[in-house]
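Worksheet for the structure shown next.
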Protein chains: 2
Amino acid sequence: MPPRGKRAPSAQEQYQEAVATYVAAGGDESVQRVITAVNSMSRKLEQWYTRQLVDLDLSHGEWSVVAQLATADGAPMTPSRLADASNVAASSMTHRLDKMTERGLVRRSPDPDNRTRVRVELTDQGWELFGAAVREANVVESDVLAGLTRKERSQLAALLEVVISRLDDLETP
Amino acid sequence: MPPRGKRAPSAQEQYQEAVATYVAAGGDESVQRVITAVNSMSRKLEQWYTRQLVDLDLSHGEWSVVAQLATADGAPMTPSRLADASNVAASSMTHRLDKMTERGLVRRSPDPDNRTRVRVELTDQGWELFGAAVREANVVESDVLAGLTRKERSQLAALLEVVISRLDDLETP
DNA sequence: TCCGAATATTTCGATATCGAAATCTTAGCA
DNA sequence: TGCTAAGATTTCGATATCGAAATATTCGGA
């Protein structure tokens with residue numbers, strides 16, 4: 001039996017048609033090429049992350065929490081900031097943290113400076129899991145970028161970093 | 001009252017710390033710079049899309065369906081391919097399509113060649129909504145890339161396209 | 001100092017999503 | 001042709017997410 005639908009078009013074909021359609025609908029080509037490529041790549045990565053995280057018995061949302069806590073090293077995190085960073089409602093984060101606390105991955109503690117706030121941090125077990133996931137993910141990520149030379153990767157990163165540095169200026173004005 | 005938690009770090013600071021942490025945990029720097037940047041950018045874009053889509057009374061998931069149908073122009077889409085492309089379970093797509101059909105955005109019809117399949121396509125109303133959303137999104141997207149010259153955008157797109165062209169080779173082997 | 005507005009978190013009811021099982025159809029092979 | 005395995009979609013029960021309201025606390029001005 002054929003795989004799916006008619007035949008799933010390749011990621012490259014999908015990308016090219018998407019750009020063409022967005023441009024036809026009134027988008028700027030130089031913009032749509034970049035934005036569409038970033039979104040395509042991110043969606044694909046997300047699929048792989050989800051698959052790999054099954055081994056660690058983590059959902060994509062839970063991974064997001066672990067990663068945020070790990071990379072915010074230093075500054076204490078709160079449930080609402082985690083919710084913002086994970087693109088979910090604050091009330092969802094409550095439940096997510098309940099589960100993760102129960103499982104021993106994170107720890108909640110009252111903020112001594114402000115009793116309306118709750119600090120959230122990784123437990124040792126949470127840190128272990130973070131390390132394991134990063135190393136596992138790095139394998140796939142290296143594969144994805146295997147088509148670029150070291151120099152090209154550096155160029156690519158530099159260009160993306162220019163964009164990132166602008167993101168803050170565009171926050172809700 | 002202070003904004004949130006202690007103070008939300010800028011996107012740039014967040015990015016830099018994330019890369020540093022991933023590298024410390026065993027990731028390759030040239031890989032992590034690119035991957036982290038792509039993911040940061042995509043997450044931020046998603047936030048803006050969600051905000052803008054409120055005006056059109058569309059959820060992010062529903063937008064994903066509209067966009068897939070619009071950009072797959074030509075080849076008829078099926079529920080399962082839409083589910084794959086949207087990163088949701090097939091059973092979720094059933095409900096999503098029910099709602100969107102009821103609202104008049106999409107149309108289901110039996111595939112004449114294979115009665116196990118269902119074709120899904122945009123209605124005229126669905127196409128209108130697609131156009132409106134693309135033009136609205138293009139405003140934000142242009143802003144995001146405003147820090148790059150036309151030439152830099154082209155370079156960036158070209159590098160990303162190299163990566164995209166590799167994605168297919170990495171499919172489930 | 002006291003009070004109202006704003007912030008952080010949680011609770012609660014409604015909705016969306018998931019994964020497994022059920023149903024129907026097709027493909028491939030004896 | 002007849003039979004079995006596999007695909008596509010939907011149904012169903014369990015779980016996660018959402019948005020609004022509830023609760024507790026803090027900030028800033030009268």
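Note on naming: letters A, B, ... go to the chains in the order of the sequence lines (proteins, then strands), and numbering restarts at 1 for each one. FYI, side chains are in, hydrogens and waters are out, and symmetry mates aren't considered; it's all heavy atoms of this structure.
- Side chains of B:E141 and B:Y49: a donor on one and an acceptor on the other come within 3.5 Å.
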Nucleotide by nucleotide, nucleotides 11-22 of chain D touches protein heavy atoms under 4.0 Å in the pattern (B base, S sugar-phosphate only, - none) B----SBBBB--
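- Note on the helix from C:dT1-D:dA30 to C:dA30-D:dT1: terminal axis deviation equals 20°, with five pairs used at each end and the result rounded to 10°.
- Atom-to-atom, CG of A:N114 to C1' of D:dC27 comes out at 10 Å; the value is rounded to the nearest Å.
- Of the side-chain N and O atoms in B:R117, none sit less than 4.0 angstrom from OP1 or OP2 of D:dG7.
- For the pair A:D84 CG and C:dA8 C1', the computed distance is 12 Å after rounding to whole Å.
- With 3.5 Å as the limit, one finds a donor-acceptor pair spanning the side chains of B:Q47 and A:N87.
- When the side-chain nitrogen and oxygen atoms of B:S80 are compared with OP1 and OP2 of D:dT9, one or more of them lie within a distance under 4.0 Å.
- For residues 56-79 of chain B, the pairs satisfying ring-ring contact (aromatic ring centres under 6.0 Å, His included) are B:W63-B:F130, with sequence neighbours left out.
- Every residue was checked against the side-chain hydrogen bond (donor to acceptor under 3.5 Å, both in side chains) condition with B:S40, not counting sequence neighbours, and none meets it.
- Following rounding to the nearest Å, A:L82 (CG) and C:dA8 (C1') show an atom-to-atom distance of 13 Å.
- At least one side-chain nitrogen or oxygen of A:R108 sits closer than 4.0 Å to the OP1 or OP2 atom of C:dT10.
- Looking at residues two or more places apart in sequence or on another chain, you find a side chain to side chain contact (heavy atoms under 4.5 Å, CB included) between A:S142 and A:N138, B:V31.
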Close N or O pairs between protein and nucleotides 1-5 of chain C (under 3.5 Å):
none

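- The side-chain hydrogen bond (donor to acceptor under 3.5 Å, both in side chains) test applied to B:D28 returns B:S30, not counting sequence neighbours.
- Atom-to-atom, CZ of B:R119 to P of D:dT9 comes out at 12 Å; the value is rounded to the nearest Å.
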Let me check something: any side-chain donor-acceptor pairs from residues 90-101 of chain B under 3.5 Å, sequence neighbours excluded? List them with distances.
residue, atom, partner, partner atom, Å
B:R96, NH1, B:G61, O, 2.9
B:D98, OD1, B:R108, NH2, 2.2
B:T101, OG1, B:L97, O, 2.6

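- In this structure, A:R115 places its CZ atom 11 Å from P of D:dC27, rounding to the nearest Å.
- Rounded to a whole Å, the CG atom of A:L97 is 13 Å from the C1' atom of C:dA8.
- Here B:R107 pairs with B:E121 under the salt bridge (Lys or Arg N to Asp or Glu O under 4.0 Å) rule; sequence neighbours left out.
- Residues satisfying the side-chain hydrogen bond (donor to acceptor under 3.5 Å, both in side chains) criterion with A:S86, sequence neighbours excluded, are A:S64.
- For A:A24, there are no side chain to side chain contact (heavy atoms under 4.5 Å, CB included) partners, not counting sequence neighbours.
- Under the side-chain hydrogen bond (donor to acceptor under 3.5 Å, both in side chains) criterion, B:E161 pairs with A:Y15, A:R33, sequence neighbours left out.
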